[in-house]
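Please read these numbers as outputs of a predicted model, since none were measured by experiment.
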Amino acid sequence: MAPTDPRLLAKAKALLGLGMLMFAIGQSLTFIIVTPLARKVGFSEQAFGIALTLASLPLIVGAPFWGGRSDRVGRKPIFLIGIGGSAIGTFLVAYVLQIGVNGWLTGLGLLGLFVLARGAYGAMASAIYPSATAYMVDITDVKTRGQGLAIIGAANGMGSVLGPVLAGALAFFGPLVPMYVAALIGLVGAGLAWKLLPEPAVHAGPRKQVKLKFSDPRIRPFMVMWLGFFLTFMALQIVLG
């Protein structure tokens with residue numbers, strides 16, 4: 001059932017925000033830690049850029065898939081898949097880089113493992129945003145929806161800030177330690193969500209299925225805006241890293 005008690009509602013919003021926070025920390029850690037290590041493990045700039053692009057494709061395919069699944073099986077299960085999967089994916093990326101740093105594997109083999117690990121992260125982590133957004137829409141009304149969705153955006157932004165802070169604070173123990181810690185935090189967040197996050201009530205009655213496309217004129221301005229923003233943001237992160 002959807003939380004109606006103000007305290008339960010606040011707890012649900014906090015847990016959704018925590019999930020987005022973990023996702024953003026994992027994302028930002030990738031560019032703060034992984035990019036500088038690319039040269040150390042023998043990746044050229046061109047090879048690393050191509051590998052990271054290929055590994056990010058599951059994010060594009062995964063988000064619509066998981067959004068549809070959340071409509072059928074529920075918001076909470078898909079949200080848990082996203083948080084838990086992103087934590088495991090972060091660990092896998094860190095371990096692959098550890099293999100390269102230790103010299104256990106190099107060249108195309110290591111690059112292929114990186115693509116697989118990062119791709120697995122993207123495939124699972126892409127479940128977080130659509131399920132969290134849909135969950136927030138389910139538990140808010142028209143008057144409070146903007147505020148609820150702003151929590152998700154704020155948590156995403158905060159995670160992008162805390163990622164570099166975490167990397168800097170823990171880098172003394174090793175360059176990959178922050179990623180292992182982020183993975184552990186993500187698993188803790190998944191456990192909290194599994195135990196404390198209620199499932200919103202399923203909407204009663206038949207609903208008209210609305211299919212959206214990237215070219216839909218209703219969302220086209222927002223798609224163009226976000227495309228430009230993330231294109232600039234990601235390029236800066238990679239180049240500066």
Side-chain angles (χ1 to χ4, degrees), residues 1-5 7-30 55-95 116-140 145 148-160 162-163 166 178-204 207:
M1 295 180 63
T4 55
D5 184 277
R7 290 175 297 180
L8 292 177
L9 185 60
K11 181 174 69 175
K13 290 180 178 180
L15 289 170
L16 289 175
L18 177 64
M20 289 305 306
L21 183 71
M22 296 301 101
F23 171 68
I25 287 177
Q27 282 282 85
S28 61
L29 278 176
T30 297
S56 298
L57 291 178
L59 282 169
I60 302 174
V61 179
F65 170 79
W66 290 120
R69 295 294 295 175
S70 73
D71 288 334
R72 293 190 290 272
V73 304
R75 314 302 188 196
K76 181 178 179 178
I78 303 304
F79 186 67
L80 292 176
I81 288 174
I83 300 181
S86 67
I88 295 172
T90 299
F91 172 82
L92 290 176
V93 172
Y95 187 69
L116 291 176
R118 177 66 181 174
Y121 167 84
M124 297 294 102
S126 59
I128 296 177
Y129 216 107
S131 60
T133 304
Y135 190 113
M136 191 64 75
V137 171
D138 285 346
I139 65 174
T140 55
R145 189 156 298 151
L149 293 174
I151 293 175
I152 295 178
N156 192 24
M158 185 178 298
S160 299
L162 291 179
L166 181 65
M179 294 191 71
Y180 290 124
V181 172
L184 178 60
I185 294 174
L187 289 177
V188 172
L192 290 174
W194 174 75
K195 186 174 183 179
L196 302 175
L197 187 68
E199 174 67 41
V202 178
H203 294 291
R207 288 182 292 165

Counting only pairs under 3.5 Å, give me each side-chain donor-acceptor contact of residues 183-192, with atom names and distances, residues two or more places apart or in other chains.
none

What residues, two or more places apart in sequence or in another chain, satisfy side-chain contact (heavy atoms from CB on, under 4.5 Å) together with A120? none
List in chain and number order the residues that pass side-chain contact (heavy atoms from CB on, under 4.5 Å) with A123, two or more places apart in sequence or in another chain; answer none if no residue qualifies. P58
Between K76 and W194, is there a donor-acceptor pair closer than 3.5 Å when you use the side chain of the first and the backbone of the second? yes
Closest heavy-atom pair and its distance - G159, A24: CA-CB, 3.6 Å
If you take all heavy atoms of I128 and S86, which pair is closest and at what distance? CD1-OG, 3.9 Å
By ring pair (Phe, Tyr, Trp, His ring centres under 6.0 Å), which residues pair with F91, not counting sequence neighbours? Y180
I want to check something: taking the side chain as every heavy atom from C-beta on, are R75 and E199 in contact at a cut-off of under 4.5 Å? yes
Between I139 and K13, is there a side-chain heavy-atom distance shorter than 4.5 Å? yes
Would you give the length of the straight line joining atom CG of N156 to atom CG of L21, rounded to the nearest 0.5 angstrom? 9.0 Å
Interatomic distance, R118 atom CZ to L57 atom CG [nearest 0.5 angstrom]: 11.5 Å
What I'd like to find out is whether the side chain of L16 reaches to under 4.5 Å of the side chain of M136, using heavy atoms alone. yes
Heavy-atom pair of closest approach, residues M124 and G85: CB-CA, 3.5 Å
Which heavy atom in A63 sits nearest to a heavy atom in P130, and how many Å separate them? O-CG, 3.6 Å
In terms of heavy-atom contacts, A182 and I25 come closest through CB-CG2, 4.3 Å
Looking at residues at least two apart in the chain, or sitting in another chain, which of them share a side-chain contact (heavy atoms from CB on, under 4.5 Å) with T133? Y129, L149, I152
For residues 57-82, which residue pairs pass the ring-ring contact (aromatic ring centres under 6.0 Å, His included) check, not counting sequence neighbours? none
